[in-house]
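Everything numeric in this text was worked out from a predicted model, so none of it was measured.
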Amino acid sequence: PQFITSPFLKSLFKGYMLFPMGILSILFLFLFFSKSKNLKNSSIKKTINNINDNSYYIYIFHQPLLITIFGWSMLQYWPPFIVIIGSFLIVFSVSLGMGNLAMKFKIERKLIWAF
């Protein structure tokens with residue numbers, strides 16, 4: 001809002017808006033994954049199980065990939081909606097693929113320093 005002039009109050013307001021959005025997104029993902037286990041469709045169930053098995057590697061790989069993607073200066077000229085959706089899809093797919101490779105070649109223990 002325009003009437004808030006203090007930088008501290010502005011940051012509190014932004015945090016107040018972001019916190020419920022984060023909680024809602026986590027709740028949505030939890031409900032989606034918990035309800036998808038009851039589905040009869042085997043391809044969806046395999047995909048969900050693959051994501052669940054590689055969730056740690058998706059977590060590990062997503063930040064360096066996001067830093068790389070958002071470092072590209074050409075993204076500043078694209079609409080934010082396309083950048084956010086596109087970067088989500090790219091980062092998620094690449095992280096999932098890298099997680100699958102890590103599991104396939106048995107290097108997953110070395111990635112998390114568990115020799």
Partners of Ile90 by side chain to side chain contact (heavy atoms under 4.5 Å, CB included), sequence neighbours excluded? Ile69, Val94
Do Ile58 and Phe28 sit in one hydrophobic cluster, given that two such residues count as connected whenever their side-chain heavy atoms are within less than 4.5 Å of each other, even indirectly? yes
Which distance, rounded to the nearest 0.5 Å, do you find between the OG of Ser87 and the CG of Leu66? 6.0 Å
How long is the span from the CG atom in Asn100 to the OH atom in Tyr57, to the nearest 0.5 Å? 11.0 Å
Minimum heavy-atom distance between Pro64 and Ile60, given as atom pair plus value: CD-O, 3.5 Å
Note: Phe61 and Gly99 closest approach over all heavy atoms is CE1-N, 3.9 Å
Kindly state each residue pair satisfying ring pair (Phe, Tyr, Trp, His ring centres under 6.0 Å) with at least one member in residues 67-90, sequence neighbours excluded. Phe88-Phe92
